[in-house]
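Beneath this line is the structure, given in structure tokens, with notes to follow.
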Number of protein chains: 2
Amino acid sequence: MKKPAQETRQHILDITKSLMTNKGYTAVGLAEVVTAAGVPKGSFYYYFKSKEEFGHALLDEYFSEYLSKVDTMLNTDGPAAERLLSYFRYWADSQGTDLPDDKCLVVKLGPEVCDLSEDMRLVLKKGTDAIIGRIAKCIAQGHADGSIPAGTEAPVLAESLYQLWLGASLLAKLGKDGAPFDTALSAMERLLH
Amino acid sequence: MKKPAQETRQHILDITKSLMTNKGYTAVGLAEVVTAAGVPKGSFYYYFKSKEEFGHALLDEYFSEYLSKVDTMLNTDGPAAERLLSYFRYWADSQGTDLPDDKCLVVKLGPEVCDLSEDMRLVLKKGTDAIIGRIAKCIAQGHADGSIPAGTEAPVLAESLYQLWLGASLLAKLGKDGAPFDTALSAMERLLH
DNA sequence: AGATTACTAGACGACTGGTCAGTTATACGC
DNA sequence: GCGTATAACTGACCAGTCGTCTAGTAATCT
């Protein structure tokens, strides 16, 4: 009957992600977490030393998954400009109204938890820096292969694009409508040329 | 000894704004609100029928103040491009690390409360639409007076800029650092020309 | 069998948003 | 001026939930 070590811990993390995505960090209580995961309440503190460490782990997990997804998307063949475009098309698709999962935790949890815990803030900072780094790398490749005209330094342009799409996600969330992504897409095209 | 009608209500709203800005909606309990405002707990429910209505009022208040500030900034003399620039310079200044007040509630509370209450979501939606509207109007004036070259329709460009700065605020919050605003400023300049 | 690790039940005190009977202040009729 | 009706306001209290902890059981290893 014994589960492999840490499998339960992972299960809690997996199950809870969509809970957090929908309701936020503070609004989701431990009781809800353990019920959803089908884990006894008392066990929670065996796997996590506090709710904060739990949130920390959740964010860590999220970024590592997200970054590996980004890496596969940005490291395919073809012109860098096209790869970049397909990444942001994926962004628009996944953040659209419907799907419950895969939502951007940076937008949803970032503002809430970064003031609650310095630890979580640092995870968010490191994660977003990494994402911008991947975008910057792809832009630099675009400069090299000629698919993206030079003009703005890759890291700066990358941060601009990320900001733009973060803001678009926020507006899409507030409006329950994917239209802001069209706006972001067109602005991005202008920034790239 | 009697206070003018609704003065206490207003006082609660005023005092609480910075609390919410720093800790978030769910994380701030009624007890903290009433203590900070120096108002008896029981009175809270005389002025507000629920915490949700209170949050609703807080956001309403925020947008009305913010919009009037934007209006005075965007309705001065001079070329529209300059007025626009001064608005976003104010944005960068006010959202910078130091000042406790005047923080953008759209970034801080938006993602958290829009899933908690449809009412609050609609206030946020209406408010952000209004802000974008003011920016769009200024851009249109810029098209007319020649200070902003034509190329992108004013409403679309306005939404792009707002997205960009919203995202910059989020990154600035996560990094406790105003650098993202420089990035946004330079991206904005490219979008405007 | 004994030692060690893996896991869990349940209760802890503090605190949550919310209620309402009761008190205090104002307004009005005489 | 006084009595009374009405509005303005309040604090003790509610049921429920919060995150946390500890004493304990169950499983595994030596």
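Chain letters run A, B, ... following the sequence lines, proteins first and then strands; every chain starts at 1. Since the model is a prediction, treat every value here as computed from it, not as a measurement.
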What class does the angle between the rings of A/F88 and A/W165 fall in, given that below 30° is parallel, 30 to 60° is tilted and above 60° is perpendicular?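 The arrangement is parallel - the two ring planes meet at less than 30°.
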
From A/D77 CG over to A/R83 CZ, what is the distance, rounded to the nearest 0.5 angstrom?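 Between A/D77 CG and A/R83 CZ, I get 8.0 Å after rounding to 0.5 Å.
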
Can a side-chain donor-acceptor contact be found between [Y] and [X] if the only test is distance below 3.5 angstrom?
X: A/E82; Y: A/S147; result: no
X: A/Q95; Y: A/S169; result: no
X: B/K69; Y: B/Y90; result: yes
X: A/Q10; Y: A/D14; result: yes

Looking at [X], I'd like to know whether one of its side-chain N or O atoms comes within less than 4.0 Å of OP1 or OP2 on [N].
X: B/S43; N: D/dC9; result: no
X: B/Y47; N: D/dC9; result: yes
X: B/K41; N: D/dG11; result: no
X: A/Y45; N: D/dC21; result: no

Whole Å only: how far is the [atom1] atom of [X] from the [atom2] atom of [N]?
X: B/L116; N: C/dG17; atom1: CG; atom2: P; answer: 12 Å
X: B/E32; N: C/dT16; atom1: CD; atom2: P; answer: 8 Å
X: A/L30; N: D/dG19; atom1: CG; atom2: C1'; answer: 6 Å
X: A/F44; N: D/dC18; atom1: CZ; atom2: P; answer: 12 Å
X: A/K49; N: D/dT22; atom1: NZ; atom2: C1'; answer: 18 Å

Judged by each residue's nearest nucleotide on DNA chain C, which is more toward the 5′ side, B/Y25 or A/P40?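 The residue whose closest nucleotide sits nearer the 5' end is A/P40.
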
Looking at every strand, decide which applies to A/V34 at a 4.0 Å heavy-atom threshold: base, sugar-phosphate, or nothing.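 Answer is nothing: A/V34 stays at 4.0 Å or more from every strand.
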
For A/V33, report the nucleic acid contact type (base, sugar-phosphate, nothing); a contact means any heavy atom under 4.0 Å.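 Contact class for A/V33: none.
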
Please tell me which of the listed nucleotides, D/dT10, C/dA6, C/dG18, lies nearest to the side chain of B/Y46?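 The answer is D/dT10, which lies nearest to the side chain.
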
Go through D/dT10, C/dC7, C/dG17 for me and flag the one nearest to the B/K51 side chain.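 Of D/dT10, C/dC7, C/dG17, C/dG17 is nearest to the side chain of B/K51.
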
Taking the side chain as C-beta and beyond, is there a heavy-atom pair between A/L166 and B/Q163 under 4.5 Å?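 Contact flag for A/L166/B/Q163 side chains = no.
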
Ranges pairing with ranges for DNA chain C, where each run has three or more Watson-Crick or G-U pairs under 3.5 Å: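 Counting only runs of 3 or more consecutive pairs, the stems involving DNA chain C are C:1-30 with D:1-30.
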
